[in-house]
*Asks:* 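Once you've had a glance at the structure underneath, I'll fire off some questions.
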Amino acid sequence: MADLSMSSHAKGSDEVKDFICLSCKEQAKFNADFYCKTCLKLYCGKCIQLHDKWFKKHSAYGRNDMKEWPVSKLVEEFLLKCEAHKDDKIEMLCDDHSHLCCTKCAFNNHSQCSKVTPINELTNKQPTDLQGLLVELETVLGEIKSLQISQEASVESLQKTYNEHEAVLIEQVCGNLNADIDKWGNKYLGTSGKSKQYIKEDMCRSVLSILNEFDNITVKELNEMKVEVISIKGSVTSSIHKCTSLHSDLLQLLEIVHKIGDNKELCLIASIKCKHIIQQALTLLGKSVKVFKAQGKSEHNVRITSDSNTCWIQAICALPDGQVLVADNDNKRVKLLSQQYQVVSHWDVNAYPQAICLITPSEVAVAVNISNIHEVQFITVNQGKLVPGRKFQLQHKCTGIAHHQGDLFVTSGKELYKYTLSSKLICRLYEDLDYTLEKCAVSPTGDKLYITSFYQHKLLTLARDGTPLATLTDPVLEWPEGLHVTPAGQVLVCGAWSNTVLQVGWEGESKLATLATQKDEVRHPASVCYSSTTSSIIVGQWGDNILVIRVE
């Protein structure tokens, strides 16, 4: 987006003078508040009274009717200023890149493009719908503000959860100490002589044991959570800053569109700039409409010599640095793959790993299940090694897991639950008594939850509170299992028995593209994810090979 540093008029403020009253211009202290189309002059609130007294038949328009005003020099200069060369004016549009450019840009960056057209030749060929733009700007502006408020609330909630968990753990230690001291104190009262000395020594050893356990286990757990909280807060804060910047840009463009009137050239330039900033906002909102196009594929073997069974990759998670984690269900292993998809490390679990989600750039949560074990295990990737951290038990199966800003969403087969990172159950969001809920995913903004309904061959879309929003069924979505939402909001889902990988619209109502089928060597896909580092979709399936699809 261009540098939106142009000052614009704010109601109730006299700091900025975008229009100057011509009668008071020598004093240079009065903003114009009215425009007379007959006189073609601007007037402040004081001067308009004299004007109206002498010219009763003239029509003067206030700031509520800015569309009737001429375009201010500030607005005109801002719209025409080239982003790259501040002293040059926009004169052309590159069709290949939909990019506004000055003559320097056209010569330096677009000389090889197929079509670069002067703006004045496009004004009649590309009509602009300013009213539609205003509606779209106002809508997106409201959504960005709502997202910012939600993110700020999530930061507060995350810190509150950590503080509560810390207080509970410390309270438990204090309780253990008090109980131990009471026990030994009662023994001490009933003895005499040398026995008392032994009791004192035993009590000291017992207290030291409790304190050592606190240092070795509880403090470690708190430190792990603190690192998570700091990392998540940093990511959310960065997103909040983006929201603030976009909100400011959108608001300024909204004001500009109100002011540019019927100047066709400025309308066209404003329209193009608005569409660019709206697209940035939609991406941040997870409403990107970009449809992936497959550019090629490759297979990579993830079997290691100590595997006793055929690999079955039930879950995949791409790290921001390009490494990939895969959950090999039948071999009860989590494997770390390099950017070249070679196994560089693995960690054996005590049950079947079924789902993985990213917590921080270097930490994931893994859901594991067996008849009597249902756990969420946290694993950190450190210098090419998998390092297990804290874990917590669940009272139900865990078939899917997703994370958003400190909230863990977990499917059990028939329910969708929300937990905190410290294992506290917040609520049950959704229930399906037919045991069809398989994997889950969450939109980048956290306002939508996606669930594969395995036996009903459906993709369900829920609001954050669990309210159903949409249901998608499709003949090629048979036994849907693998599910993933990209950072830009593209939804990927796999048909395990139809051997397909689909891209679905963010609203969860429509299929946008079939990205891979059995012809592309897709075999019972159980997991899928997108790596923005390598621009690839990675498919985990039954068999020793994963499928990597390069996309643009």
*Asks:* Do L122 and L268 come close enough that some side-chain heavy atom pair is under 4.5 Å?
*Replies:* yes

*Asks:* Can you check whether L449 reaches L416 side chain to side chain, under 4.5 Å on heavy atoms?
*Replies:* yes

*Asks:* Less than 4.0 angstrom from a charged side-chain N to a carboxylate O is my criterion; do R464 and D407 meet it?
*Replies:* yes

*Asks:* Got a donor-acceptor contact below 3.5 angstrom from the S150 side chain to the S146 backbone?
*Replies:* no

*Asks:* Tell me if a side-chain donor or acceptor on D65 pairs with a main-chain N or O of Y61 at a distance below 3.5 Å.
*Replies:* no

*Asks:* Give a yes-or-no answer on whether the side chains of D447 and T445 include a donor-acceptor pair shorter than 3.5 Å.
*Replies:* yes

*Asks:* When you compare the side chain of L408 with that of K418, does any pair of heavy atoms fall below 4.5 Å?
*Replies:* no

*Asks:* So V324 and I538, do their side chains get closer than 4.5 Å, heavy atoms only?
*Replies:* yes

*Asks:* Can a donor-acceptor pair be found between the side chains of Q159 and K233 at a distance below 3.5 Å?
*Replies:* yes

*Asks:* Please check if the side chain of S154 supplies one atom and the backbone of Q151 the other of a donor-acceptor pair under 3.5 Å.
*Replies:* yes

*Asks:* Are side-chain heavy atoms of F378 and E228 found at a separation under 4.5 Å?
*Replies:* yes

*Asks:* Any donor and acceptor pair, going by atom type alone, linking the side chain of H457 with main-chain N or O of T473 inside 3.5 Å?
*Replies:* no

*Asks:* May I ask you to say whether E143 pairs ionically with K287, meaning some side-chain N is under 4.0 Å from a carboxylate O?
*Replies:* yes

*Asks:* For the ring pair Y417 and Y430, is the centre-to-centre distance below 6.0 Å?
*Replies:* no

*Asks:* Examine distances only and state if a side-chain atom of H484 and a backbone atom of V493 form a donor-acceptor pair shorter than 3.5 Å.
*Replies:* no

*Asks:* If you take all heavy atoms of L79 and I269, which pair is closest and at what distance?
*Replies:* O-CG2, 3.3 Å

*Asks:* Within a strict 4.5 Å, meaning less than it, do heavy atoms of the T411 and I451 side chains meet?
*Replies:* yes

*Asks:* Find the distance between NZ (K41) and SG (C36) and round it off to the nearest 0.5 Å.
*Replies:* 9.5 Å

*Asks:* Got a second to check how far K145's NZ is from H247's NE2, nearest 0.5 Å?
*Replies:* 5.0 Å

*Asks:* State the CZ-SG distance between F55 and C39, to the nearest 0.5 angstrom.
*Replies:* 5.5 Å

*Asks:* Do other residues, nucleotides or ligands put more than 12 heavy atoms under 6.0 Å from the NZ atom of K297?
*Replies:* yes

*Asks:* Would you confirm whether E224, through its side chain, and R390, through its main-chain N or O, come within 3.5 Å as a donor-acceptor pair?
*Replies:* yes

*Asks:* Is the backbone of V155 close enough, under 3.5 Å, to the side chain of E152 for a donor and an acceptor to pair up by distance?
*Replies:* no

*Asks:* Check for a donor-acceptor pair, side chain of T244 on one end and backbone N or O of I240 on the other, with a separation under 3.5 Å.
*Replies:* yes

*Asks:* Look only at the side chain of T452 and the backbone of K439, and say whether a donor-acceptor pair between them is shorter than 3.5 Å.
*Replies:* yes

*Asks:* I want to check something: taking the side chain as every heavy atom from C-beta on, are H403 and C357 in contact at a cut-off of under 4.5 Å?
*Replies:* yes

*Asks:* Donor-acceptor check, side chain of S531 to backbone of G322, threshold 3.5 angstrom: yes or no?
*Replies:* no

*Asks:* For F78, does the six-membered ring have the charged nitrogen or CZ of K273 within the cation-pi criterion, i.e. under 6.0 angstrom from the centroid and within 45° of the normal?
*Replies:* yes

*Asks:* Below 4.5 Å, heavy atoms only, C-beta onward: do L133 and S271 meet side chain to side chain?
*Replies:* yes

